[in-house]
Number of protein chains: 2
Amino acid sequence: MTRDDEGVGDPGASTASGADRSLHQRIRADLEERILSGAWSPGHRIPFEHELMAQYGCARMTVNKVLSGLVEAGLIERRRRAGSFVRRPVGQSAVLRIPDVKAEVLSRGEAYRYELITCARRKATREDRARIAVPAGAPVLALLCRHVADGRPYALEDRLIALDAVPEAATADFSAELPGTWLLAHVPWHEAEHEITAAPADARTAARLDVPVGTACLVIARRTWRGGAPITAVRIWYPGDRQTLVARFTPATAAGR
Amino acid sequence: MTRDDEGVGDPGASTASGADRSLHQRIRADLEERILSGAWSPGHRIPFEHELMAQYGCARMTVNKVLSGLVEAGLIERRRRAGSFVRRPVGQSAVLRIPDVKAEVLSRGEAYRYELITCARRKATREDRARIAVPAGAPVLALLCRHVADGRPYALEDRLIALDAVPEAATADFSAELPGTWLLAHVPWHEAEHEITAAPADARTAARLDVPVGTACLVIARRTWRGGAPITAVRIWYPGDRQTLVARFTPATAAGR
DNA sequence: AAGTGGTCTAGACCACGTC
DNA sequence: ACGTGGTCTAGACCACTTG
């Protein structure tokens with residue numbers, strides 16, 4: 001009756017790894033291992049709920065919780081009457097984490113410094129409004145700042161903040177605090193869009209980054225909204241030879257978890 | 001006793017949006033809406049399970065399923081005795097989806113063509129082994145191919161395949177089928193790493209992409225493993241002025257969902 | 001038509017952390 | 001110590017889908 005009188009469904013439970021976790025966690029780990037190791041390849045039919053019940057000697061709700069979790073994680077899909085099947089990994093798509101600049105530099109073991117170059121309040125120009133969708137004439141804060149690693153320019157940050165959405169930004173001291181950090185603390189975002197592209201450094205950008213004109217740069221543009229209203233738009237220029245974005249992941253992280 | 005005799009917890013259920021979904025889906029949508037809209041800001045304490053039970057007139061397991069789902073989605077965190085709280089959005093980090101080249105081109109509404117330029121089987125050179133960690137002397141397949149959109153070179157793909165791991169690749173016809181697609185169908189990957197960088201096009205690459213030498217290119221390098229064994233390493237060069245990677249997401253997608 | 005998953009209930013005991 | 005979440009049970013009815 002209890003889950004302890006069944007040994008069949010608990011392969012390797014006597015080893016350290018299977019100990020002292022909850023039953024549904026052990027079942028989930030078992031199934032995930034089979035899927036991620038390839039033992040159950042995409043399309044493979046997972047045992048029915050009643051079979052897993054018998055194997056692990058537990059109630060149906062318990063295996064159901066596990067299988068629902070695997071669906072939410074994108075590892076399997078379920079069809080009534082047919083069964084549960086291992087999902088094919090998501091196309092060629094992938095997921096990439098972009099750390100913030102300061103954390104990035106510090107994690108490379110280099111000294112970090114930040115410099116505010118310009119900070120101007122103005123009514124949004126036509127050019128501004130192409131970057132951040134505020135109404136005509138709405139006030140924006142335009143920031144230009146430089147991230148410095150071990151004394152060398154590391155990245156250039158060019159940011160607009162919609163002051164209607166974030167009026168407190170007008171009085172914030174961005175020479176002391178990173179704009180990104182300040183915004184995150186004061187205005188949680190709810191939607192964001194990233195655009196990554198390669199572009200040659202124009203004369204002004206090249207001078208500020210201390211690289212030759214035309215140097216291939218990685219440009220990351222991020223725009224964030226809160227409830228549909230634009231908050232900020234930022235472009236970060238990285239000289240291409242110094243910066244790479246790296247991501248490591250498994251299908252589980254890519255598919256939904 | 002049943003869930004129908006309670007009106008309090010079901011705001012807006014009479015509208016079309018709340019109809020005919022399961023109870024836990026409606027509860028989840030309710031809570032997610034409050035969180036993502038900012039009505040419940042980060043740190044806010046969500047009602048206790050027993051409160052939600054009363055509000056929605058349902059069993060504890062039902063609200064528990066909802067709250068567990070929100071944890072898995074990274075939207076809340078729960079502490080015994082203390083309660084459930086809205087999570088702070090993940091740092092400056094972000095998530096980016098990289099679609100595969102063919103889907104990318106077709107989604108832009110352009111005609112897609114693919115050309116195999118070279119396909120060579122060889123023992124891994126020192127240079128190959130810097131890209132793909134196979135044993136010395138192990139056989140690899142080296143492919144070079146071009147993706148063409150509306151008749152113009154769109155991207156250059158430079159790929160190595162470990163033949164020890166994927167012997168069937170030796171006999172595959174890569175002039176007919178995209179290597180990436182073929183691999184995905186024959187060898188599901190389990191770990192992958194991406195590296196994104198900007199680099200100037202060297203003479204040979206520039207010629208094959210039909211751009212001036214030195215053009216800033218976006219280079220995406222992807223390596224995949226199966227159970228720790230390398231399968232393939234690929235570099236895709238995109239002329240920077242034609243290609244941008246775009247990602248749109250909410251904290252839920254970034255945090256773990 | 002049969003069997004699958006989808007959903008829900010009304011209990012229960014336990015572990016843990018805050019009070 | 002108390003109340004929270006964590007987990008689990010042994011049922012139940014329903015909807016869908018496939019054979």
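In what follows, chains are A, B, ... by sequence order, proteins preceding strands, each numbered from 1. What you see is a predicted model; the values in this text were computed from it and never measured.
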Looking at every heavy atom in both [X] and [Y], which two are closest together, and how far apart are they?
X: R235(B); Y: A221(B); value: CG-CB, 4.0 Å
X: A73(A); Y: R28(A); value: CB-NH2, 3.6 Å
X: A162(A); Y: P230(A); value: CB-O, 3.5 Å

Any side-chain N or O of [X] below 4.0 angstrom from OP1/OP2 of [N]?
X: R78(A); N: dG6(C); value: yes
X: S84(B); N: dT4(D); value: no
X: S22(B); N: dT7(C); value: yes
X: T62(A); N: dT7(D); value: no

So W182(A) and F174(A), would you call those rings parallel, tilted or perpendicular, with 30° and 60° as cut-offs? perpendicular
Just compare [options] and give me whichever is closest to any side-chain atom of [X].
X: H50(B); options: dT4(C), dT4(D), dC8(C); answer: dT4(D)
X: L23(B); options: dG5(C), dC8(C), dC8(D); answer: dC8(C)
X: A59(A); options: dT9(D), dC8(C), dT7(C); answer: dT9(D)
X: M61(B); options: dG6(C), dG5(D), dA10(C); answer: dA10(C)
X: Q25(B); options: dT7(C), dG6(D), dG5(C); answer: dT7(C)

Round to a whole Å and report the spacing from [atom1] of [X] to [atom2] of [N].
X: K65(B); N: dC8(C); atom1: NZ; atom2: C1'; answer: 10 Å
X: R45(A); N: dG5(C); atom1: CZ; atom2: C1'; answer: 13 Å
X: R26(A); N: dT7(D); atom1: CZ; atom2: P; answer: 12 Å
X: R60(B); N: dC8(D); atom1: CZ; atom2: P; answer: 13 Å
X: N64(B); N: dT9(C); atom1: CG; atom2: P; answer: 13 Å
X: M53(B); N: dT4(D); atom1: CE; atom2: C1'; answer: 13 Å
X: L67(A); N: dT7(C); atom1: CG; atom2: P; answer: 13 Å
X: Y56(B); N: dC8(C); atom1: OH; atom2: C1'; answer: 17 Å

With rounding to the nearest 0.5 angstrom, report the [atom1] to [atom2] distance, [X] to [Y].
X: L178(B); Y: H147(B); atom1: CG; atom2: NE2; result: 6.5 Å
X: S22(A); Y: K65(A); atom1: OG; atom2: NZ; result: 8.0 Å
X: R159(A); Y: L141(A); atom1: CZ; atom2: CG; result: 10.5 Å
X: I76(A); Y: S84(A); atom1: CD1; atom2: OG; result: 4.5 Å

Take the C1' atoms of the five end pairs on each side of the helix from dA1(C)-dT18(D) to dT18(C)-dA1(D), get both axes, and report the angle to 10 degrees. 10°
Run the side-chain hydrogen bond (donor to acceptor under 3.5 Å, both in side chains) test against R81(A) and tell me which residues pass, sequence neighbours left out. none
Between L52(B) and L67(B), is there a side-chain heavy-atom distance shorter than 4.5 Å? yes
Between protein and nucleotides 17-19 of chain C, what N or O pairs are separated by less than 3.5 Å?
residue	atom	partner	partner atom	Å
dG17(C)	N2	R81(B)	NH1	3.3

